[in-house]
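Working notes, beginning with the structure itself.
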Amino acid sequence: MHKTHTCGELRASHDGIEVTMAGWVNRRRDHGELIFIDLRDRFGLVQLVADPEISPEAHAALKPVRNEWVVKVVGVVRKRPVDMVNPDLSTGEIEVEVREVTILNPAKTPPFLINKEEEVDENVRLKYRYMDLRRPRMAANLKLRHKVVKFIRDYLDEQDFLEVETPILFKTTPEGARDYLVPSRVHPGMVYALPQSPQQLKQMLMVGGIERYFQIARCFRDEDQRGDRQPEFTQLDLEMSFVERDDVMGLLEDMYTKMVAEVVPDKKVLQTPWPRLTYTEALDRFGKDNPDIRYGLELVDLTDLAPGCGFGVFEGAVEKGGHVRGINAKGLGNYSRKQIDALTDYVKQFKAKGLAYIIRTPEGEMRSPIAKFFSEETLAMIQERMGAEDGDLLLFVADKAEIVYESLGRLRVHLAGELGLEDPDVLGFCWVIDFPFGFWDEEEQRWDPSHHLFTSPLPEDLHLLESDTAKVRGTQYDLVLNNNEVAGGSIRIHDQEVQAKVFKLIGLDEDVAAERFGHMLEAFQYGAPPHGGIASGIDRLVMILADEDNIREVIAFPKNQNARDVMADAPTLVEEAQLEALHIQLNLPEVEEEKDMLDLH
RNA sequence: GGUCCUGUGGUGUAGCUUGGUUUAACAUGCCGCCCUGUCAAGGCGGAGAUCGCGGGUUCAAAUCCCGUCGGGACCGCCA
């Protein structure tokens, strides 16, 4: 070992001992004769002092040393005089008097400062990611991520789960997201696909008698990026046999509640046990199936007041079967016309035609372009239902139900941001259950499962599966945390007949189903236990626990929005010989071809 | 595929609206000299940007216009 102690562990009690330390130069303060160096490793910072009267050789050796050089020193721990203690440093009571110096590696001037919290262009950070990882922010995020995963592994191990690895090279399934494909050399023209999730495999493990399985699984989806989406990401994937949905939900709830207490003890879980909302309730109250329950601003249904209310927009929407709903933006009664116009533009992104409003100024005046249409009674009833007081701003959308939910649900989150209602130290976990089993796809003329095609309907709705599909609810459960879906699962179909009916509903021919899922259908004929499970996005979960708003901040080597690795510069063109071995001929769009040719030079 | 935002020394910003006292400013970093108690050390001096790229308008462009490339946010997409 190049070190006897880490840079974070020396205390006053080590006074007088000889130590060997190694790390990176975090900062140097050169007084000419006396040189101070803050030496950094993953465990902390320690002050080295080079005094030419004690060791002229060591002093001379440290003279040329600069930031981020890697050095090893032998020295003696000295307690600092009381007035020179640095209370901001865990090792601030001592310093190390340097006797010998070895330069393990000099370093070029870093592209950005490691020792200073400073916003740096993300492209630069990603190009020099190995430097970025030395900074406290990334180091802390990776440590937190480790702790989360470690807790999960320990907890599930104690609950008799087995961690089983499943293949990365698997079979393409055209359902769901676009697959990443891997061409086969041995089988010309054929491909493997990287798994979008180990869904089928974990169900096969249940047939295999594993009973309790989990995996910290890498998943791949070839879709466009977002702040919370990467082409490859990590899921806690788990599956259990002989369980019902309460068992799976209960397990995850207990595990994450304990995990939060241990890993982020400063954060507070909003409510225990976690609230359970039906899909319908989530939409009615929050406008979305991934609600942020940390604050109010809930949607208020005014649909029943619309007929004959006198305001044509409301009446018309309801006549066409739509809804009228509102939000009381508490305390925004001082909003200007311009600010309200900005809110209107915001909801128009989500296809709302407009945003009606009633202002109650803090002085008790009412201002509204629509109030004049209503009778006194209706106006009073609207305000009463919305709990309106002086100083409030009432906002309304009247439209098709989906548009009302989407626009007000988004507006609610937007307003909460403006009002500063999103407390990062509060974790608003909640379950959303009783999802519709599927949604009718008008274009494709078939049912589209709201979870996936192995999700079992609720047993009590099973008899409606073919007669009244729209009324059937699934066993799906989603775990939502502060506006993010962080887990989703279901009880699976283990009955071939039910599975066959579902395939039919979603428009999968029997022979197509057999080709794609024959292995599963066959397996289910050999004694499949009832089973269910859940998958939880680790990146998203850690992102929230780390107070980051981008998933890239909790991934060591993420890809950018164009799915490029800017450090290694992947993806790249490939040698002709490699393509030949894979029996592949390129058919590039003309413009792309020119661009790629240029890239080669 | 679409909408919006963005690009100025190594890094972070100012300047751009209203073109010309700009020889492009400030902070930090970098280099050199001085300095024995600093911990964001200090003092003095210095180097470093043809303002992403291309074209246009103009007597004159970082600044206005068009195109293009890179980055980001969002929509579509993500069973």
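What's counted below: heavy atoms across the whole structure, side chains too, no hydrogens, waters or symmetry copies. Lettering follows sequence order; numbering is per chain, from 1.
Note on A:Asp83: nothing from the nucleic acid sits closer than 4.0 angstrom, heavy atoms only. Within 4.0 Å of A:Arg66, counting heavy atoms only, lie sugar-phosphate atoms of the nucleic acid but no base atom. Base engagement by A:Glu95 is indicated by at least one non-hydrogen atom pair under 4.0 Å involving a base atom. If you check every strand for non-hydrogen atoms under 4.0 Å, A:Gly227 touches sugar and phosphate atoms only. Within 4.0 Å of A:Asn115, counting heavy atoms only, lies no atom of the nucleic acid at all. The residue A:Arg28 sits apart from the nucleic acid: no heavy atom pair falls under 4.0 Å. Residue A:Asn560 is in sugar-phosphate contact alone, with no base atom involved, counting any heavy-atom pair closer than 4.0 Å across all strands shown. Heavy atoms of A:Glu119 sit under 4.0 angstrom from primed sugar atoms or phosphate atoms, though from no base atom. Nucleic acid contact for A:Arg125: none, since no nucleic acid atom lies under 4.0 Å from a heavy atom of the residue.
Checking the phosphate oxygens (OP1, OP2) of B:rG70, no side-chain nitrogen or oxygen of A:Asn123 falls inside 4.0 Å. The phosphate of B:rU3 has neither OP1 nor OP2 within less than 4.0 Å of any side-chain N or O from A:Gln349. Dashed line: the shortest gap from a side-chain N or O of A:Arg27 to OP1 or OP2 of B:rA41 is under 4.0 Å.
The pair A:Glu97-A:Arg99 meets the salt-bridge criterion, with a side-chain N (NZ, NE, NH1 or NH2) lying under 4.0 Å from an Asp/Glu carboxylate O. A salt bridge is defined here as a Lys NZ or Arg NE, NH1 or NH2 lying under 4.0 Å from an Asp or Glu carboxylate O, and A:Asp495 with A:Lys501 fails to meet this definition.
If you check distances only, the side chain of A:Arg29 never reaches the base of B:rC35 with a donor-acceptor pair under 3.5 Å.
The ring of A:Phe112 does not lie on top of the base of B:rU11; it is either too far (5.5 Å or more) or too tilted (30° or more). Stacking is found between A:His31 and the pyrimidine-like six-membered ring of the B:rA41 base under the 5.5 Å centre-distance and 30° plane-angle cut-offs.
Base pairing analysis places B:rC26 opposite B:rG12; the two distances defining the Watson-Crick or G-U wobble pair are each below 3.5 Å. Partner assigned to B:rG70 is B:rU6, using Watson-Crick or G-U wobble distances below 3.5 angstrom.
Remark: the A:Asn141 side chain and the A:Glu548 side chain contain an N/O donor-acceptor pair separated by less than 3.5 Å. A donor-acceptor contact closer than 3.5 angstrom links the side chains of A:Arg29 and A:Gln47.
With C1' as the reference atom, B:rU17 and B:rG12 are 23 Å apart, rounded to whole Å.
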